[in-house]
Each structure stands twice: as C-alpha cells, then as structure tokens.
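To keep things clear, I will list the structure first and then write my remarks on it.
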Amino acid sequence: MAVTDAVVIGSGPNGLVAANLLADHGWAVTVLEAQDAPGGAVRSDSEVHPDFVHDTFSSFYPLAAASPTIRALELDRHGLEWMHAPAVAGTPFLAGEWAVMHRTPEETAASLDALAPGDGQAWLDLCAGWRKVGDAAIRALLEPFPPVRAGVRLATRLPGAGGLGFVQMLLAPLQSMAGTRFSGRGAQMLLAGNAAHADIPMDASGSTIMAWVLAMIGQHLGYPVPRGGAGMLSGAMVRRFTAGGGDLRVGTHARRVIVRDGRAVAVETDDGEVFTARRAVLADVSAPSLFGGLVAEQDLPARLVRRMERFEWDPGTVKVDYALSGPVPWEVTPAQTPGTVHIAESIDEIRMSGAHLAAGAVPAVPFLLVGQMAAADPGRAPEGAESLWLYTHVPHHTTHDAGDGSISGRWDRDDVERMADRMQARIEAYAPGFEGRILARRTLGPRELEARNENLVGGSVNGGTANLHQQLVFRPVPGLGRAETPVAGLYLASASAHPGGGVHGACGSNAARAAVAHDRVRSFIPTRRKDPIP
Ligand SMILES: Cc1cc2nc3c(=O)[nH]c(=O)nc-3n(C[C@H](O)[C@H](O)[C@H](O)COP(=O)(O)OP(=O)(O)OC[C@H]3O[C@@H](n4cnc5c(N)ncnc54)[C@H](O)[C@@H]3O)c2cc1C
C-alpha cells in the first residue's frame with residue numbers, strides 16, 4: 001500500500017495542472033493514469049505515417065496561452081515552445097474568397113473591409129472592448145464560481161467597454177449579434193467558427209460569449225501549438241511534475257475511491273493496489289464516472305445521484321487525420337496560411353448542422369474544424385508536406401442520417417469511414433485535387449476516441465454540454481458548481497467541472513486550490529487520527 005498526500009486520478013491537462021500545483025505546495029502527489037501515456041486529450045503520435053506527427057485529439061491552445069495558471073507554470077523551462085501559423089484562423093468560401101484572422105486586429109480589419117466595407121471598423125470596435133475588459137473577463141471565467149475578485153474587477157471596467165450595451169451584445173445569440181454588427185459573412189464566420197467549438201446553438205445565448213472569448217484571444221495571442229506536437233505540452237507538465245519528485249503511474253486504472261466516515265481516504269486500482277491519500281483525492285475523470293462508479297452510491301447524497309442521471313454530454317465526434325504529400329490545394333490560397341480553418345458557408349449552415357445534431361440526425365453538410373499543423377509547425381511533416389486533421393460532431397443517439405442515408409449511427413468502422421468520406425468530400429469541394437495528395441488517413445470515431453481516453457464518452461470533447469443550463473453553478477449538476485464534492489477531501493478536477501472544456505487548466509487549478517484551502521482549515525481542527533483505511 002502506497003501512502004501519499006494526494007492522489008490525482010487522470011493525467012489530462014487538468015490533472016497535470018492540479019498535480020503540479022499541489023507539488024508546488026510541498027505535497028507528495030501520485031498521479032494514476034489509465035492509458036499507457038500521460039496527457040489525456042493532449043497527446044500526439046506518429047501512427048498515421050511514421051514521418052509525420054499528428055495530434056491525437058486537441059491541437060490549438062489559445063486558452064492555455066491565456067490561462068494565468070498555465071503561464072505561471074513556466075513550461076518553457078521544461079521544453080515547451082509555442083509556434084504560430086502565418087495567420088491565426090480562416091474560412092474559405094466556395095466563391096473563392098477567404099475570411100482570415102491575421103495576427104493583428106488592424107490586418108484582420110483591412111482584410112474584412114475588402115470583403116465588406118465597414119466590417120473592419122466593427123471588428124476593431126470588438127477588439128477595443130476586449131482591450132478594456134479581456135484580461136478581467138479571462139480571470140472571471142477561469143476562477144471558481146462565483147468569481148468575486150475578478151468579477152468586481154470586470155464590473156469596474158465594463159463602463160469603459162460600453163457598459164450595459166456591451167453586456168447586452170455578449171448575451172445576444174451569435175446569429176443576431178454578428179448579423180447586426182457585420183454586413184459581410186467573412187467577419188460573421190470568423191466569430192461563428194469560434195462559437196462552434198462548443199455545442200451552444202448559434203441562436204442561443206452563450207454563443208456570442210464563446211465566439212468573443214476565443215476570437216479575441218486568437219486575435220491578441222494567436223492560436224499557438226507546441227513545437228513537436230500536442231504531446232510536448234503535456235510532456236512539459238509531466239517533466240515539471242516529476243522533476244519536483246512527483247510520482248506518475250501510467251497504465252494504472254483507478255476503479256474505486258475509498259470513502260471512510262464521509263471522507264475520501266484512498267484510491268484502489270484495477271489491480272487491487274491501494275494508494276492512501278492523507279490529504280485529498282482529485283479526480284480528473286468525467287462527472288458521470290466519478291459519481292456513477294468510482295465513488296459508491298451509498299457514499300453520495302441521493303439527490304446528487306438522481307441529478308447525475310440527467311447529466312448531458314456534448315455531441316460525439318468523428319476525427320480524420322491525414323498525411324498529405326503537399327499543402328491542401330485550396331481553390332484560392334490565402335496569402336498567409338491560417339492554422340485553424342472552419343468550413344461552413346454561413347452561420348445559418350452551422351445552425352442547421354447543430355439543429356440536425358439536436359434532433360439526433362447525422363448532419364448532411366457537416367461543419368468542419370480543420371487544422372493545418374505543418375503550417376504552424378513545419379517539423380510535423382517532411383518538407384513541403386502537411387499534417388492535417390478534420391473533425392466534426394455527430395449525435396450520440398442517432399434517429400436518422402440527414403445525408404444520403406448511408407450512416408446508421410452505430411458508429412462502427414463502416415459508419416466512421418462513411419462519415420469520414422462525407423467530410424473529405426467537403427474538403428475536396430473547397431480544394432480540388434485534395435484526394436490526390438493523401439498518403440495516409442486515420443479515422444477516429446466516438447468509440448475509438450473513448451477507447452483512447454475514457455473521459456471522451458461517445459466522442460464528447462468538452463466533458464459535458466457547454467450550454468448555459470449546465471454551466472457555472474449548474475456544472476456538472478445544480479448544487480455542485482465548484483470543485484468541492486459532497487465527499488470531504490474529494491475534488492472534481494476535470495472538464496466536467498466549471499468552467500468546462502478546453503486546455504486552460506482551470507478545473508485542475510480550482511480543485512488543487514480548494515484542496516489546499518480545506519487542508520489548511522482541517523489542520524486547525526484537532527481530530528483523533530485513525531488509520532485511514534478500514
Ligand atoms: C478531438 C478533440 C479536439 C480538441 N481540440 C481542442 C483544442 O484544439 N483546444 C483546446 O483547448 N481543447 C480542445 N479539446 C478539448 C480538450 O482537449 C479537453 O477539454 C481537455 O483535454 C480536458 O482536460 P481534462 O484534464 O479535464 O481531461 P482529459 O484530457 O480528457 O484527460 C483525462 C485523463 O484521465 C484519464 N482517466 C480517466 N478515468 C480514469 C481512471 N478511472 N483511472 C485512471 N485514469 C483515468 C484518461 O485516460 C485521460 O488521460 C479537444 C478535445 C478533443 C477530444
């Protein structure tokens with residue numbers, strides 16, 4: 001039996017941030033990771049083609065670059081180097097134009113004005129608002145809810161950004177906000193492409209906040225990628241942790257959190273090994289896994305168990321990775337290649353594909369997120385070649401295929417390949433000759449994603465829906481809302497906790513800070529020490 005101060009279950013970015021912060025406090029920390037490699041959804045590999053590096057899951061890290069917690073880890077001292085594509089993000093249109101977010105607001109504004117005069121100034125107005133409140137907004141979003149200090153800072157700066165009018169803009173659905181402020185679809189799509197990284201419908205409140213935060217971070221910090229692959233980001237976190245004496249066990253699946261007298265005291269693995277946690281257990285696992293298996297039902301309030309039954313996942317995902325012999329042969333090549341590309345002709349098209357998902361239909365015209373990784377980091381592919389990925393969302397429970405009817409929704413190999421073909425055909429329409437450049441292709445459907453990381457249930461990428469009814473005090477269920485759980489000494493540290501998906505480390509940092517704060521309080525309360533394991 002191993003004894004340590006804290007056990008962290010799962011080595012995704014949130015688990016690794018938590019482990020680093022606890023180790024910085026002088027705690028002895030053991031991280032248990034089910035997979036054979038650490039990193040969670042921040043990993044890379046050379047499975048597609050031995051001469052190429054592909055990110056297995058996530059790729060672009062604007063939220064990490066903006067996160068005060070991740071910045072404070074100084075990962076550059078542990079091998080992390082950020083790289084940037086010539087342009088941040090873009091959307092091609094079948095008519096042959098591109099909307100491109102450049103590295104500065106002024107360049108972006110000039111290119112938007114060329115598409116629709118006046119949109120450049122409207123873009124600069126958005127950026128001006130960000131300069132006033134962006135920093136405070138990031139802190140307020142990433143702090144535990146309610147964000148008291150950051151909230152006050154944000155409130156005092158709001159008048160400078162436009163006061164109530166600005167707040168109203170943020171609360172408006174993206175479809176109406178973008179439609180009233182921008183006359184051209186270029187600027188509209190730069191915002192909508194970002195909003196579509198979450199599953200908030202374009203005609204729902206919350207979509208503008210998502211678009212504004214991601215687009216403005218992209219505009220001011222870019223969408224950086226780690227030199228050498230996503231695995232270099234998690235690798236830097238691992239190196240920082242183990243260099244300080246942290247203990248990481250890969251290939252070690254946790255099956256039970258042992259609770260005694262209402263307190264989490266240890267974690268048992270599939271092999272029956274028990275890791276005693278003197279101070280805390282932090283779970284970088286999905287909320288349904290923590291409260292629906294890892295912790296026994298009798299150790300949880302009945303109300304929590306009932307509420308977890310209504311937990312909502314975000315949609316599933318099909319991801320396709322390509323080794324290409326050359327760059328994507330876009331019909332019109334933008335002067336500066338964007339790393340991130342969003343494929344949709346209009347906000348309405350994204351709204352339709354979201355409506356299909358909501359109705360359980362496989363989208364006929366899938367909205368595509370695309371990563372041109374060698375454009376950002378040439379070392380990911382042989383000279384002149386491209387390491388590309390596409391992904392799109394699919395329903396968990398399929399009612400029908402809104403396309404040609406060929407996809408059953410079982411998401412077996414056949415379904416995944418057909419969906420990949422549908423996605424590939426979309427790219428071919430924008431980039432004739434694309435198929436001729438394919439050296440190798442890998443398809444990862446909902447089942448394959450979950451097999452590589454059990455937090456990605458059915459291919460969900462965000463640890464649960466990002467819609468308002470499951471955010472803030474409602475995440476993961478009403479009554480939790482913070483990292484603390486009803487079991488003393490047990491903290492939810494994954495993207496299922498506030499503030500949700502994305503590589504910002506806030507869920508891990510909130511859990512670690514809560515654990516340290518409670519431990520301090522506990523150390524003042526005299527208790528009779530018992531053997532923690534029954
Ligand atoms: C395809 C895809 C693309 C994405 N793109 C981006 C992007 O470009 N930018 C961005 O910011 N975000 C992106 N995301 C989202 C982002 O990757 C996640 O929100 C983030 O990784 C969540 O971190 P986490 O630490 O909460 O969990 P995860 O990264 O999911 O890690 C959880 C870890 O816990 C382990 N684990 C689970 N249960 C157990 C157990 N019982 N015992 C032991 N170990 C366990 C898992 O094996 C896994 O390693 C993407 C996600 C996916 C899937």
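For ligands, and for the atoms within them, numbers begin at 1 and follow the listed sequence.
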Run through K319, R380, R442 and flag the one making a salt bridge (Lys or Arg N to Asp or Glu O under 4.0 Å) with D55. R380
G463: heavy atom below 4.0 Å from ligand 1, yes or no? no
Can you report which non-hydrogen protein atom sits closest to atom 51 (C) of ligand 1, along with the distance? V461 CB, 3.6 Å
Nitrogen or oxygen of P13 less than 3.5 angstrom from that of ligand 1: yes
Between Q219 and R103, does the side chain to side chain donor-acceptor pair (under 3.5 Å) criterion hold? Intermediate values first, please. CA-CA 6 Å; Q219 183 60 98; R103 296 292 303 279; over 6 Å; no
Give the ring-plane orientation class for Y391 versus H393, where under 30° counts as parallel, over 60° as perpendicular and anything between as tilted. perpendicular
We want to know whether T465 and D199 form a side-chain donor-acceptor pair, criterion being a heavy-atom distance below 3.5 angstrom. yes
Run the numbers for me: atoms of ligand 1, each under 4.0 Å from some heavy atom of G501, listed by number. 19 (O)
Is it the case that atom CZ in R413 sees more than 12 heavy atoms from other parts of the structure closer than 6.0 Å? yes
Considering only the protein, which heavy-atom contact is closest to atom 30 (O) of ligand 1, and what is its distance? N453 ND2, 2.8 Å
Where does the angle between the aromatic ring planes of W313 and F311 fall among parallel (under 30°), tilted (30 to 60°) and perpendicular (over 60°)? perpendicular
Between ligand 1 and S289, can you find any atom pair, the residue atom being a heavy atom, that is separated by under 4.0 Å? no
Would you mind listing which atoms of ligand 1 come within a distance below 4.0 Å of any non-hydrogen atom of T252? 43 (C)
Check the pair S387 / H49 against side chain to side chain donor-acceptor pair (under 3.5 Å), numbers first and verdict last. CA-CA 10 Å; S387 166; H49 189 294; over 6 Å; no
Report yes or no: does a heavy atom of T269 sit under 4.0 Å from some atom of ligand 1? no
With heavy atoms of Q35 as the reference, note each atom of ligand 1 found under 4.0 Å away. 47 (O)
Residues in ring-ring contact (aromatic ring centres under 6.0 Å, His included) contact with Y491, at least two apart in sequence or another chain: H518
Quick one: which of A41, A230, P62, A493 has a heavy atom closest to atom 17 (O) of ligand 1? A41
Verify side chain to side chain donor-acceptor pair (under 3.5 Å) between S509 and R513, making sure each step is shown before the conclusion. CA-CA 6 Å; S509 141; R513 289 178 211 280; 3.1 Å; yes
What do you reckon, does R452 have a nitrogen or oxygen under 3.5 Å from a nitrogen or oxygen of ligand 1? no
For atom 43 (C) of ligand 1, find the nearest protein heavy atom and state the residue, atom name and distance (0.1 Å precision). A34 N, 3.2 Å
Ligand 1 atoms nearer than 4.0 angstrom to some heavy atom of Y391 are 3 (C)
Between ligand 1 and T317, is the shortest N or O to N or O distance under 3.5 Å? no
If you have a sec, work out which protein heavy atom is nearest atom 37 (C) of ligand 1 and how many Å separate them, to one decimal? N455 OD1, 3.1 Å
Protein residue, atom and distance nearest to atom 14 (N) of ligand 1, heavy-atom basis: S58 CB, 3.7 Å
Proximal atoms of ligand 1 relative to H253 (non-hydrogen, under 4.0 Å): 40 (C), 41 (N), 42 (N)
Residue A495 vicinity, atoms of ligand 1 by number, heavy atom under 4.0 Å: 22 (C), 26 (O)
Atom 11 (O) of ligand 1 [closest protein heavy-atom partner, distance rounded to 0.1 Å]: V503 N, 2.8 Å
Could you tell me whether the side chain of P147 reaches within less than 4.5 Å of the side chain of R139, counting heavy atoms only? no
Hey, would you say the H197 and H342 ring centroids sit under 6.0 Å apart? yes
Ligand 1 atoms nearer than 4.0 angstrom to some heavy atom of L456 are 53 (C)
If you measure from each heavy atom of L32 to ligand 1, is any distance below 4.0 Å? yes
Sequence neighbours excluded, which residues qualify as ring-ring contact (aromatic ring centres under 6.0 Å, His included) partners of Y322? F434
Is L449 in contact with ligand 1, taking contact as a heavy-atom separation below 4.0 Å? no
One pair to check against side chain to side chain donor-acceptor pair (under 3.5 Å): H253 and E33. What are the steps and the verdict? CA-CA 6 Å; H253 184 258; E33 169 54 53; over 6 Å; no
With nothing but distance in play, are any N or O atoms of S494 less than 3.5 Å from an N or O of ligand 1? no
Within 6.0 Å of CD in E297, more than 12 heavy atoms from elsewhere: no
Show which atoms of ligand 1 fall inside a sub-4.0 Å distance from at least one heavy-atom site of E33. 33 (C), 34 (O), 35 (C), 43 (C), 44 (N), 46 (C), 47 (O), 48 (C), 49 (O)
Indicate yes or no: does an N/O atom of S460 lie under 3.5 Å from an N/O atom of ligand 1? no
Pair F145 and H498, ring centroids less than 6.0 Å apart: yes
Test salt bridge (charged side-chain N to carboxylate O under 4.0 Å, His left out) on E47 and R452 and set out the steps. CA-CA 13 Å; E47 271 176 26; R452 288 162 185 252; 3.0 Å; yes
Residue, atom name and distance, where the atom is the protein heavy atom closest to atom 41 (N) of ligand 1: A254 O, 3.1 Å
Identify, for atom 19 (O) of ligand 1, the protein heavy atom at the shortest distance, and state residue, atom and that distance. G502 N, 2.7 Å
So which bit of D284 gets within less than 4.0 Å of ligand 1, heavy atoms only: side chain, backbone, both or neither? both
Heteroatom distance test (I9, ligand 1): nitrogen or oxygen, under 3.5 angstrom: no
L490 and its side-chain contact (heavy atoms from CB on, under 4.5 Å) partner, picked from V265, V295, D299: V295
